[in-house]
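In what follows, chains carry the letters A, B, and so on, assigned in the order in which the sequence lines appear, proteins first and then strands, with residues in each chain numbered from 1. We use all heavy atoms of the structure for the numbers below, so side chains are in, but hydrogens, waters and symmetry mates are not.
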Protein chains: 2
Amino acid sequence: MDGRSDHSNYRADNKVNSTQNLQSGDRQPRRYSSEESRRLLIEATLDSIVEVGFSSTSVSEIVTRANLSRGMVHLYFDNKDALLVAAARHSAEVYYGTLSEQLETAGSSPQEILETIILGDLGEELLNERTIKIWFAFRGEAHANGAIAQYSDTRDDYLRDLIFKAFAEIAAAQKMSEPEKVARDATHGTLALLEGMWTDYLLHHDSFSRASAARIIFRFLSALFPRHFNLDGASAAKNQPCTSS
Amino acid sequence: MDGRSDHSNYRADNKVNSTQNLQSGDRQPRRYSSEESRRLLIEATLDSIVEVGFSSTSVSEIVTRANLSRGMVHLYFDNKDALLVAAARHSAEVYYGTLSEQLETAGSSPQEILETIILGDLGEELLNERTIKIWFAFRGEAHANGAIAQYSDTRDDYLRDLIFKAFAEIAAAQKMSEPEKVARDATHGTLALLEGMWTDYLLHHDSFSRASAARIIFRFLSALFPRHFNLDGASAAKNQPCTSS
DNA sequence: GCATAAAATGAATGCATGTCCATAAATTTG
DNA sequence: CAAATTTATGGACATGCATTCATTTTATGC
């Protein structure tokens, strides 16, 4: 009838009928799961941001990468912007999820908590070529899109509080004057150092070294809290008891 | 003849004839200086990035803000991309120009140099709502545009070297073991702290305090070099002679 | 004050974009 | 197995985009 009857051709050429078994590896099989399509679109969005940049990430780019049709974006998201926000949100969730996992298997001393956060934040899983591009792409657009801004901060109140409590305990044990002020500054400074290392990774990717970044942070911390840190991290926690009691 | 004869209408309504004296303040007068038009386009580009974001910065946005016609962009720049690169370059030049000025009027002791850089980098002139949006917008696009990447780093080799030499002198005066290594780490750490404070300003603009940011950096530095820094900066340089001789 | 060059204009072009929607296939339900 | 529902498609549309260029205005040289 109309020129659209080649839908079925396309389907026959490129897709198979069942979710379970796919044959022609050319394209992905039909999915028939809205959750999976949503995830595919989000992943394709992030892929596009990584490979061609935020401003070249169009709906066409996204659906091509996801091997889906144009309409899908507006079937699962209100509009392109909502998809971008969902992608930002997804990235933030992955970041916190991964860090939380790592914290669960870590020790509970303040030094070990801090070491886990620092090494985790600088580790391959959270800081790599893909994630750094995504984070900075979103941050670059954050001020023009409030919803994205909400998810473009990796250092939220929960994490900040965790770090502060750890430093507060250490500062108290070290019997410093104004331990709370010291802990507050140490928290702010450590987060700034981590952010700075991320920026360094973005801008000087070739010369960046995770080991150096960690050593530098621990050097600053061991200068502030000599009895609790050394250049290799929170080794004081392992070698000697450090709580004041 | 053709519909274009209303050029003169537009001119008569909105412009005046002389470069020297403008009368109707409605629009800018004709300029007749290519340099000035270039600058206007660059400034308009930066304005647009600040106000509507990088991905909404179109040629139309730019020429409207500059009160120039569409064709001007391609008269003075090869294309839109070249204009964006020129804008990034301009921003970098302003950053270094301002910092260099401040360094010229500063003292020459290593502490004073470091204090000048730190306070300058965190000062209103270099770090404000406009500049932070511009820097992060460019950084967000940097990985998709090599030419922009070139100008999106505020911490280049010259500045890094200046900081390193200052720390090396301090470390030597303090007779530390491995003074060069310490100086290298202090340089990297200080730059990371500054970058982190910029990120903090971007993401938590409301709660950001320049004084706190500076105090935190000096707290870290005074822990590393207790004889040369205190919480207010490099006051050791003013109160007591600090060179080892 | 005329000729020439420089500066500036904005309509026109073609292409890419985000969104919509009529259609169709796959799956589930009754 | 038919009806209803869910999942998926891609052509069509209006809009906006970067870019081009014939034309006009202003400035400069002679």
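Comparing dT17(C), dT9(C), dT19(D) by their closest approach to the side chain of Ser69(B) singles out dT9(C). Comparing dT19(C), dA7(C), dC17(D) by their closest approach to the side chain of Arg70(A) singles out dT19(C). In the set dG10(D), dA12(C), dT9(C), dT9(C) carries the atom at the smallest distance from any side-chain atom of Met72(B).
A donor-acceptor pair under 3.5 Å is formed between the side chain of Ser91(B) and the backbone N or O of Ala87(B).
The aromatic rings of Phe220(A) and Phe220(B) lie tilted to each other, with the angle between the two planes from 30° to 60°.
Atom CZ of Arg38(A) is separated from atom P of dT6(D) by 17 Å (rounded to the nearest Å). Between the CG atom of Asp78(B) and the C1' atom of dT19(D) there is a distance of 12 Å, rounded to whole Å. One can place CZ of Phe77(A) at 12 Å from P of dA8(D), the figure rounded to the nearest angstrom. The distance between atom CD1 of Ile62(B) and atom P of dC17(D), rounded to the nearest whole Å, is 11 Å. Distance, Leu40(B) CG to dT9(C) P: 11 Å, rounded to whole Å. Between the CG atom of Leu68(B) and the C1' atom of dT26(D) there is a distance of 15 Å, given to the nearest Å. The distance between atom CG of Leu75(B) and atom P of dT9(C), rounded to the nearest whole Å, is 10 Å. The interatomic distance linking His74(A) (NE2) with dT17(C) (P) rounds to 13 Å, in whole Å.
When the side-chain nitrogen and oxygen atoms of Tyr76(A) are compared with OP1 and OP2 of dA8(D), one or more of them lie within a distance under 4.0 Å. Residue Ser37(A) places at least one side-chain N or O closer than 4.0 Å to OP1 or OP2 of dA8(D).
Looking at Asp185(B) and Phe167(B), their side chains never come closer than 4.5 Å, going by heavy atoms from C-beta outward.
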query = Can you list the steps and then say if Ser56(A) with Glu61(A) is a side-chain hydrogen bond (donor to acceptor under 3.5 Å, both in side chains)?
reply = CA-CA 8 Å; Ser56(A) 295; Glu61(A) 270 285 341; over 6 Å; no
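Between Gly71(A) and Val59(A), it is Val59(A) whose nearest contact on DNA chain C lies nearer the 5' terminus.
Residue Arg39(B) qualifies as open at atom CZ: its count of foreign heavy atoms under 6.0 Å is 12 or below.
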